[in-house]
Amino acid sequence: MQGVVFALVAGTFMTVYIPQPVLPILTREFGVTPGVASLTVSATVFGIALSNLPFGILADRFAIRPLVLGGGAIVALASVACALTHEIGVLIAVRFVQGLFIPAMSTCLAAYLSRALPPHRLTVVMGWYVSATVTGGLGGRLLGGFVFPPEHWRYAFVAAAALVLAAGAAALRWLPRDPPRAPSAETGEGFLRLLARPELLRMFAVGFFAFAVFSAMFNYVPFYLSGPPLHAPVRLITLLYLGYVVGIAAGPLSGKMAMRFGTGLTIVLGCIVFALAIALTLVPSLPIIAASLAGVCGGFFAMHAAAVGAVNRRLTGSRGRANSMYVLLYYLGGAAGISAAGAAFARWGWQGAAGLMGAALIVPLTIGIAETLHDRGRPVGARKLHMPTRTP
């Protein structure tokens with residue numbers, strides 16, 4: 001199951017980032033401005049945000065396997081369409097459609113796992129789920145700009161389609177069918193009631209602030225590295241994104257840590273690593289900054305895996321809605337972080353942006369400390385499974 005889940009999620013997120021390294025190529029090939037070319041990425045993200053909550057409702061009302069497999073088929077076919085089109089308008093429109101169906105393989109799959117797995121297995125498998133998102137994000141960039149020559153970016157879409165279809169076939173063969181469920185339990189809580197539950201709202205906040213800092217970090221560090229005093233070339237800056245590899249290991253490791261030591265302590269440790277890594281970027285040395293970016297990935301994905309695992313363990317129903325709400329707030333955090341850090345970077349440079357990002361980590365750090373104190377008050381058996389001691 002871990003292998004199938006990893007392949008499905010990695011293949012899905014790979015499709016999101018394929019155009020990113022070849023945006024200059026798209027600008028020349030289609031004769032458009034950089035802003036128009038960038039819509040091939042932002043249209044997909046917009047589609048994800050728009051359809052995330054509706055897919056959360058569908059995941060709570062219907063069997064999830066058909067949603068996952070149907071969504072995967074549409075994502076793969078859209079990739080083939082991207083490879084065949086010679087019109088930028090069609091490419092952007094197809095990318096938007098692709099984004100609309102990506103939650104079928106992300107939000108719905110997370111809800112499926114929370115139904116199908118016992119609590120002691122869910123934490124670890126959700127860690128692999130987070131690692132797969134990292135692998136997909138890195139793989140999409142490498143597939144689009146390195147595995148194939150940038151001028152042949154269409155081959156990258158064909159390869160991604162083949163990977164998604166292969167993962168879908170594996171899921172059809174090996175993923176168990178949806179377990180029996182009580183319809184009243186699965187459809188009982190709406191979005192507002194979920195937001196009103198403090199134990200869930202805390203994890204939503206962790207995802208929001210963690211991704212806000214992470215997005216801002218990787219959005220503005222290329223400007224910092226390419227300017228004085230470092231003057232790093234673009235190819236070297238691109239290679240620094242290989243720090244994502246640390247996140248692949250951080251996801252499962254975070255899941256195991258959360259199961260053994262508690263969600264709160266895992267979030268606290270992730271925050272500390274994250275903050276120290278941001279501080280290291282202030283040292284004007286490329287080797288040190290390269291190491292710091294690996295630390296940023298390790299700290300962030302540890303926090304993210306712990307939070308998303310906790311959300312699913314704390315639910316007896318409405319899992320699709322809860323996962324879609326988490327993802328929506330996660331992406332909103334990324335947008336907010338980029339905007340805020342952009343203003344700080346323009347006014348005070350990298351030092352100002354780094355200071356703002358470090359300050360934003362105070363929120364998840366405080367939540368992690370509170371969760372740690374709460375974990376210590378639970379019975380030993382409840383701590384082992386990291387389950388709430390009261391009925392939600």
Side-chain angles (χ1 to χ4, degrees), residues 1-13 16 48-49 51-72 75 99 101-137 164 167-168 171 175-179 181 185-187 189 191 194 200 203-204 206-208 210-211 247 251-252 254-255 258-259 263 301 303-331 386:
M1 179 183 285
Q2 287 177 189
V4 171
V5 168
F6 194 93
L8 275 172
V9 176
T12 301
F13 279 88
V16 177
I48 294 171
S51 65
N52 201 54
L53 295 186
F55 266 108
I57 296 173
L58 292 174
D60 286 333
R61 292 184 176 177
F62 301 101
I64 294 177
R65 277 177 95 250
L67 293 173
V68 171
L69 297 175
V75 168
F101 286 90
I102 281 176
M105 299 176 70
S106 54
T107 297
C108 290
L109 187 59
Y112 166 83
L113 293 173
S114 66
R115 286 183 193 169
L117 296 175
H120 68 279
R121 287 291 300 143
L122 178 61
T123 303
V124 177
V125 176
M126 287 306 293
W128 281 102
Y129 173 98
V130 171
S131 289
T133 67
V134 185
T135 304
V164 171
L175 277 188
R177 298 200 174 273
D178 290 62
R181 58 193 173 101
E186 289 297 329
T187 60
E189 291 187 283
F191 292 114
L194 290 170
L200 297 181
M203 296 301 102
F204 294 156
V206 170
F208 180 95
F211 195 55
S254 172
M259 212 172 95
T263 298
F301 285 109
M303 297 166 64
H304 175 36
V308 75
V311 166
N312 283 280
R313 287 194 309 277
R314 294 173 182 185
L315 292 165
T316 56
S318 299
R319 293 181 175 94
R321 287 179 175 89
N323 280 284
S324 64
M325 180 63 68
Y326 180 92
V327 173
L328 175 62
L329 292 173
Y330 178 86
Y331 280 110
H386 202 201

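- When all heavy atoms of A110 and N323 are compared, the closest pair comes out as CB-OD1, 3.4 Å.
- For R61 (side chain) and I57 (main-chain N/O), no donor-acceptor pair under 3.5 Å exists by modelled atom type.
- Closest heavy-atom contact between A322 and F204: O-CE2, 3.7 Å.
- Annotation: the span from S51 atom OG to L328 atom CG amounts to 10.5 Å, rounded to 0.5 Å.
- T107 is linked by a side chain to side chain donor-acceptor pair (under 3.5 Å) to N52, counting only residues two or more places apart in sequence or in another chain.
- Between Y330 and F211, the ring-plane angle classifies as parallel under the 30° and 60° cut-offs.
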From CA spacing to verdict: side chain to side chain contact (heavy atoms under 4.5 Å, CB included), M105, V164: CA-CA 10 Å; M105 299 176 70; V164 171; 4.1 Å; yes

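- Every residue two or more places apart in sequence or in another chain that forms a side-chain contact (heavy atoms from CB on, under 4.5 Å) with V134 is listed here: Y244, I248, F301.
- Across all their heavy atoms, Y326 and V311 have their closest contact at CD1-CG2, 4.1 Å.
- Considering CG of L53 and CZ of R321, their distance stands at 10.0 Å, rounded to 0.5 Å.
- L200 approaches R314 most closely through the heavy-atom pair CD2-CB, 4.1 Å.
- Distance check: C108 SG to L8 CG gives 12.0 Å after rounding to the nearest 0.5 Å.
- The shortest heavy-atom contact between A171 and R65 is O-NH2, 3.5 Å.
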CA sep, side-chain torsions, deciding dist, call: T135, F6, side chain to side chain contact (heavy atoms under 4.5 Å, CB included): CA-CA 9 Å; T135 304; F6 194 93; 3.2 Å; yes

Intermediate values then yes/no, side chain to side chain contact (heavy atoms under 4.5 Å, CB included), V16 and I48: CA-CA 10 Å; V16 177; I48 294 171; 4.2 Å; yes

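- Within the 4.5 Å cutoff, the side chain of V9 has no heavy atoms near those of the S106 side chain.
- Atom CZ of residue F55 and atom CG of residue L67 lie 6.5 Å apart, to the nearest 0.5 angstrom.
- Aromatic ring centres of H304 and Y129: separated by at least 6.0 Å.
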